[in-house]
Participant: 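Can you read through this structure? Questions will come right after.
Quick note: numbers below take in every heavy atom, side chains included, and nothing from hydrogens, waters or symmetry partners.
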Amino acid sequence: MFTVYDMLQLPVMKQAVSQSEAKYGMRTPIEWVSIIEMPVENFVRKKEVVLTAGIGCENDNDKLLSFTGEVIDAGAAALIIATGRYLNVIPDKVIQFCESKDFPLIEIPWEIRFADVSHAISTALHQQERSFVEHSDKVRKELLEIILNGEGIASIASYLEKSLFMPIVITDRQGNVKTKSKNAKSLEERWNAHLLQRGDPLYFQLEDSNDTNSLPNNMHWILIDNKEVLQLTVQSAREIQGFILLEWPDYLPEDDVFQEHTLILLEHAVTTSALCFLHDQAALETEMRLKDDFVWSLAKGKFESKDNALSRAKSLGYNLNIPYLCIVAKPENLQSLYEKDLSQNISFENWRKHLGETMEEEVTHTGRTMHLKTMSTFQKEELIIFVELQSEKSVETAYPFIELLQYKIEQKRPGLIVSWGIAKTFGEDFFDVGFEEAYSALDIGRRQKGKGYITTYANTRFDRALLALAENEELRNITEVIIEPLQRYSRERKIDLVHTFIIYNQHKGNVSQTARDLNLHRQSLLYRLRKVETLTGCSLDDSDEMFLIDLSIRLHTISANKDKNSTKSNQLNK
């Protein structure tokens, strides 16, 4: 960055005298030089050095003061006045005014040609620009070499520390440290403590900093333990990938971040880090797909031999030589949560995919917390989990695991309702059997209790017995004869006779309790019950015929659910 101070070091400015004490003004960067006389109007650009002979102000100090004020207001970097022809000396009131504004006021002899000054400054600016280009090219090549050598973000952190002499920490988008430079242990510890206190780094506020300058959009000052840290946002396309943290030394002014060489280095580091993040993300997504396919193949029993499964498992970091229990989880209210999530700007399919990835991450974290091996995959709208058993008490292992996992998911997705199914069979070679049991338990539990409950396969014996009975052809015919008239009547008259019978049966034939439960007049209920008898040909006073109606309703319901789940299972397999 070529400043007013640098300009005064040029040979052509050897006879120049700085008339005003401008401590900070001397550090003002120069972008161009111009030669003007009165009036200023809009002929002066910001960060421009103005050369003048003071023509028109020879005998009027107030005019010169006004002219100087207009130059300052225009945002010029400095004012150079040539004395000896039109002005013999610069008035004290003009010098004092410039000092009050911390503005560089420079005097040169009339003998120094403005053209020589202008040429010297322009040449210096061009040399500086070439220097920046060369520096930028050098940094770009060195950082690109890091990527080509496959060294990753750890090498970028080391490169930055060596170039800037500052500790460097690089994190993911949640603020979790991915790598750090050699001397950044203290920064890492203080950052982790700051993260616990402040939360998501995406929402850190700038008011913690004393910085009053305008930084680039991807740079922010944050205050950690009274130390300034420069936070750089690593972004690809419109998605934030992570952050680079630089611990700014106390002895360096914050304004030094605006040094051109520093900005070039930081911008190239951010770009290179984004490429590394994308590479890591692509590798992670590939690994996740392979793991998803593997776990899904285990659940569906698609491996031809155990040796084949063991070989695949080893390459993915899984251990199949320990007993596993299968759990199937189903998030229920996805559509409503998606519609409430006003911050999302993606399709429902992508939103659901991201939710599945989040749930799989939490399965891994829960397993680590409980020191249990886990394997999981999210297929369509079901999360399939195989969790390690450390004792023969399978359900006792499953419940605390589900409780902790449910808590973690709730923290990430408040309001999400999840239903759970737990298998009965477990071990080293029962992955497909465990999946079928857990899926069946999930289905039966949702039908029996509703959404958001935990059901074990061991507690679904009655429903499974009904499923076995539903396969009997004669029973299916009897069921159809009894149920079909009731359903037809319900469709035509909009009166649910099946539900009426279920409530009546639950109250063991008590008409008064049933009427209150259904919010019906007693006579209206009696009319419905007589209609049930007429349509089914069964008497509600006969316990055998009551049992027959009840059994028919249960068989019809469970058969309908079985057919629906069979269709869904086929879709899931595609």
Participant: Between E437 and C326, does the side-chain contact (heavy atoms from CB on, under 4.5 Å) criterion hold? Intermediate values first, please.
Facilitator: CA-CA 8 Å; E437 290 181 352; C326 185; over 6 Å; no
Participant: So, the side chain of D102 versus the backbone of K23: is there a donor-acceptor pair under 3.5 Å, distance only?
Facilitator: yes
Participant: When rounded to the nearest 0.5 angstrom, what is the spacing between CE in M7 and CD1 in I80?
Facilitator: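 Spacing of CE (M7) from CD1 (I80) equals 4.0 Å.
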Participant: Is it true that atom NZ of K306 has more than 12 heavy atoms of other residues, nucleotides or ligands lying nearer than 6.0 Å?
Facilitator: yes
Participant: Is it true that atom CZ of F348 has more than 12 heavy atoms of other residues, nucleotides or ligands lying nearer than 6.0 Å?
Facilitator: yes
Participant: Using modelled atom types and a 3.5 Å cut-off, is there a donor and acceptor pairing between side-chain atoms of S297 and backbone atoms of D293?
Facilitator: yes
Participant: Of I385, T377, I327, T358, which is the lone residue that meets side-chain contact (heavy atoms from CB on, under 4.5 Å) with V363?
Facilitator: I385
Participant: Before giving the answer on side-chain contact (heavy atoms from CB on, under 4.5 Å), spell out for T233 and F243 the whole-Å C-alpha distance, their side-chain angles and the decisive distance to 0.1 Å.
Facilitator: CA-CA 5 Å; T233 303; F243 303 94; 3.7 Å; yes
Participant: Could you check whether any side-chain heavy atom of V49 comes within less than 4.5 Å of a side-chain heavy atom of V117, counting everything from C-beta outward?
Facilitator: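 Side-chain contact under 4.5 Å: no.
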Participant: Between D432 and G301, what is the shortest heavy-atom contact and its length?
Facilitator: CB-N, 3.7 Å
Participant: For the pair H194 and W191, name the ring-plane relationship: parallel under 30°, tilted 30 to 60°, perpendicular over 60°.
Facilitator: tilted
Participant: May I ask you to say whether E349 pairs ionically with K353, meaning some side-chain N is under 4.0 Å from a carboxylate O?
Facilitator: no
Participant: Side chains of V139 and Y159: does their closest heavy-atom pair fall under 4.5 Å?
Facilitator: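 Contact flag for V139/Y159 side chains = yes.
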Participant: Can you tell me if E21 has over 12 outside heavy atoms packed within less than 6.0 Å of its CD?
Facilitator: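 Count not over threshold, so no.
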Participant: In Å, rounded to the nearest 0.5 Å, how long is the span from NE2 of H126 to CD1 of I121?
Facilitator: 12.0 Å
Participant: Looking only at heavy atoms, which two atoms of I417 and N333 are closest? And how far apart?
Facilitator: N-OD1, 2.9 Å
Participant: Would you confirm whether S118, through its side chain, and F114, through its main-chain N or O, come within 3.5 Å as a donor-acceptor pair?
Facilitator: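 Here the side-chain-to-backbone pair does not exist.
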Participant: Evaluate the side-chain proximity of C276 to I156: yes if any heavy-atom separation is below 4.5 Å, no if none is.
Facilitator: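 Yes, at least one pair of side-chain atoms sits under 4.5 Å.
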Participant: Hey, is CG on N149 packed in by over 12 heavy atoms from elsewhere, all under 6.0 Å?
Facilitator: yes
Participant: Would you indicate whether the side-chain heavy atoms of I170 and L160 approach each other to under 4.5 Å?
Facilitator: no
Participant: So do the side chains of L223 and E228 get within less than 4.5 Å of each other, counting heavy atoms only?
Facilitator: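 With C-beta onward as the side chain, the pair touches.
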Participant: Mind checking the OG1-CE spacing from T366 to M359? Nearest 0.5 Å is all I need.
Facilitator: 10.5 Å
Participant: Determine the minimum heavy-atom distance between T374 and G367, stating which atoms define it.
Facilitator: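 The pair with the smallest heavy-atom distance is CG2-CA, 3.9 Å.
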Participant: When you look at I240 and Q235, which way does the side-chain contact (heavy atoms from CB on, under 4.5 Å) test go after all the steps?
Facilitator: CA-CA 4 Å; I240 292 176; Q235 189 168 344; 4.1 Å; yes
Participant: Would you say Q9's side chain and Y5's backbone share a donor-acceptor pair under 3.5 angstrom?
Facilitator: yes
Participant: Can you tell me if D6 and T3 form a side-chain donor-acceptor pair at under 3.5 Å?
Facilitator: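 Distance-only check passes for D6 and T3.
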Participant: Looking only at non-hydrogen atoms, find the nearest pair between S181 and A157 and report the distance.
Facilitator: CB-O, 3.7 Å
Participant: As a test of understanding, state which of K412, R413, K408, Q406 forms a side chain to side chain donor-acceptor pair (under 3.5 Å) with E362.
Facilitator: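 Passing option: K412.
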Participant: Any heavy-atom pair between the side chains of K182 and S158 that's under 4.5 Å?
Facilitator: no
Participant: Identify whether the distance between the nearest side-chain nitrogen and carboxylate oxygen of D137 and R140 falls below 4.0 Å.
Facilitator: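 Yes, charged N to carboxylate O under 4.0 Å.
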Participant: Check the surroundings of atom CD in E151: do more than 12 heavy atoms from other residues, nucleotides or ligands lie under 6.0 Å from it?
Facilitator: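 Yes.
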Participant: Would you check if the side chain of E410 reaches a backbone N or O of G415 as a donor-acceptor pair within less than 3.5 Å?
Facilitator: yes
Participant: Using a strict cut-off of less than 4.0 Å between a Lys/Arg side-chain nitrogen and an Asp/Glu carboxylate oxygen, indicate whether D250 and K227 qualify as a salt bridge.
Facilitator: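 Looking at D250 and K227, the cut-off is met.
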Participant: Can you tell me how far apart CG (D443) and CD (E382) are? Round to the nearest 0.5 Å.
Facilitator: 10.0 Å
Participant: Is the number of heavy atoms from other residues, nucleotides or ligands within 6.0 Å of NE2 (H365) greater than 12?
Facilitator: yes
Participant: Evaluate K138 against E134 for salt bridge (Lys or Arg N to Asp or Glu O under 4.0 Å), listing each step before the verdict.
Facilitator: CA-CA 6 Å; K138 174 178 176 291; E134 291 170 0; over 6 Å; no
Participant: Is any side-chain heavy atom of Q379 closer than 4.5 Å to one of I384?
Facilitator: yes
Participant: Which value, rounded to the nearest 0.5 Å, describes the distance between L143 atom CG and K141 atom NZ?
Facilitator: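 The distance works out to 13.0 Å.
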Participant: Just verifying a value: how many Å separate L246 CG and E161 CD, rounded to the nearest 0.5 Å?
Facilitator: 10.0 Å
Participant: Would you mind checking if R190 and E247 are paired as a salt bridge, meaning a charged N to carboxylate O distance below 4.0 Å?
Facilitator: yes
Participant: Is the backbone N or O of D172 less than 3.5 Å from a side-chain atom of N176, with the two atoms forming a donor-acceptor pair by type?
Facilitator: no
Participant: What's the verdict on ring pair (Phe, Tyr, Trp, His ring centres under 6.0 Å) for F294 and F303, showing C-alpha distance, side-chain angles and the deciding distance?
Facilitator: CA-CA 9 Å; F294 174 77; F303 284 103; 5.3 Å; yes
Participant: Is the shortest heavy-atom distance from the side chain of E48 to the side chain of E31 under 4.5 Å?
Facilitator: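 No - every pair of side-chain heavy atoms lies 4.5 Å or more apart.
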Participant: Working note: L298 + F435, criterion side-chain contact (heavy atoms from CB on, under 4.5 Å); need CA distance, chi angles, decisive distance, verdict.
Facilitator: CA-CA 9 Å; L298 277 181; F435 169 65; over 6 Å; no
Participant: Taking all atoms of both residues into account, what is the closest heavy-atom pair of G152 and I146, and its distance?
Facilitator: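 Looking at all heavy atoms of both residues, the closest pair is O-CG2, 3.7 Å.
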Participant: Apply the test side-chain hydrogen bond (donor to acceptor under 3.5 Å, both in side chains) to residues S311 and N308: give CA-CA distance (whole Å), side-chain angles for both, the deciding distance (0.1 Å), then the verdict.
Facilitator: CA-CA 5 Å; S311 176; N308 189 9; 5.6 Å; no
Participant: Whether the side chain of W296 engages the backbone of K300 through a donor-acceptor N/O pair (distance < 3.5 Å, no angle test) should be reported.
Facilitator: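 No, the answer is negative, given that no donor and acceptor are paired below the 3.5 Å cut-off.
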Participant: Where do A441 and G421 come nearest, in terms of heavy atoms and distance?
Facilitator: CB-CA, 4.1 Å
Participant: Looking only at atom types and distance, does a side-chain atom of S136 sit under 3.5 Å from a main-chain N or O of I264, one as donor and one as acceptor?
Facilitator: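 A pair under 3.5 Å: no.
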Participant: Taking only Lys NZ, Arg NE, NH1 and NH2, and the carboxylate oxygens of Asp or Glu, determine whether E381 and R352 approach each other closer than 4.0 Å.
Facilitator: yes
Participant: Using the benzene-type ring in the case of Trp, are the ring centres of Y399 and W420 under 6.0 Å apart?
Facilitator: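 No, the ring centres sit 6.0 Å or more apart.
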